[in-house]
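Numbers here simply count residues along the sequence, with the first being 1. Order of listing sets the numbers, starting from 1, for every ligand and every atom in it.
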Amino acid sequence: MPARLLLLIVALAALGCADPGQSPYEIRSRASFQPTLADPPDGGTDFPLNQPITIHFDDPPDPRTVVGLRVDVTSGMTRWFGKLHVDLFDQTVTYQLFDQLRANVGYRLALDPALGGLGGGRLGQPWVLRFRSGNGVVRVPPVEVATPLAEVLPLVLERCAGCHARAPLDLSSEGALRASLVGVASQARPEILRVECGDHARSLVVWKLLGLPIAGPAMPHGDLSRDQARTLARWIDGGCR
Ligand code: HEC
């Protein structure tokens, strides 16, 4: 049997039995969205002055609810500002402060009740974390080297091109992949880009690979593993080079 025909049959069969319950990525819509773990923990002391604050949730955070000043760090009258980063794989929001904390001071971090998860849950009420700084600093890890497209392309050709080989979603070559994904509005959710360079959490393709209901019907994605999906996410985070 010609390979192409075989591929088509396999693809159709996969579509036919697209049981979302089978997907290792499936996350059902949920009403709840709650922090499960924080670093520093509530009541924590001796927090390094330059360490990012990380909060884990029970569902992937929705980056659209994290914009603006949803997270505040206050001590007395002073406010700390920083850069927010959402990681859908770790289900975390990380807050990297622009300035170092002051040594041996108490802090209060408040999450806005509007903060929510991609599964549809909302925090619903203010959530507050109190901690104290120490006087040490941590070594800042070196900036991660961006994953080049060359590392991602073989995965996509193997796992995705069987179903996506023509416009408007052609993943069968490097040029077609860029033209179909980077900066292109999704069909299912036109307000979201398929790939928003620099931010995997705002890229519909990652929602799709994680099987989040918000991205439309569950897609049989050729058994792309979580690590492989993460490789694609790193390429996005690295600026789609
Ligand atoms: C078995 C066939 C199949 C495989 C394999 C597959 N897809 Fe899909 N994909 C579909 C179908 C069908 C749709 C449209 C319906 C839907 O949204 O689920 C789709 C939708 C999409 C969308 C959403 C398009 C939009 O604009 O909303 C993206 C992005 C996507 N696929 C990327 C991928 C990637 C990346 C892979 C490989 C990891 C992949 N697909 C593997 C069948 C497949």
Taking non-hydrogen atoms only, is [X] closer than 4.0 angstrom to ligand 1 via side chain, backbone, both or neither?
X: H164; answer: side chain
X: L169; answer: side chain
X: L204; answer: side chain
X: L209; answer: side chain

Worksheet item: Measuring from Q91:CD to D59:CG, what's the distance to the nearest 0.5 Å?
Response: 6.0 Å
Item to complete: First locate atom SG of C160, then atom CG of L209, and finally report the distance between them rounded to the nearest 0.5 Å.
Response: 7.0 Å
Is there at least one pair of N or O atoms, one from [X] and one from ligand 1, spaced under 3.5 Å apart?
X: S186; value: yes
X: R194; value: yes
X: A188; value: yes

Ignoring hydrogens and angles, tell me if any N or O in the side chain of [X] forms a donor-acceptor pair with the backbone of [Y] under 3.5 Å.
X: R178; Y: C240; value: yes
X: T65; Y: P61; value: no
X: W235; Y: L153; value: no

Discussion item. Quick check on E191: does its CD atom have over 12 non-hydrogen neighbours (other residues, nucleotides or ligands) under 6.0 Å away?
Written reply: yes
Worksheet item: Going through the distances and angles, do F131 and Y107 end up as a ring-ring contact (aromatic ring centres under 6.0 Å, His included)?
Response: CA-CA 5 Å; F131 66 97; Y107 287 89; 5.6 Å; yes
Worksheet, complete the sentence: R159 heavy atoms within 4.0 Å reach ligand 1 at atoms 5 (C), 37 (C), 41 (C)
Item to complete: Run the contact test for P217 against ligand 1 with a 4.0 Å cut-off on heavy atoms, strictly below, and give the result.
Response: yes
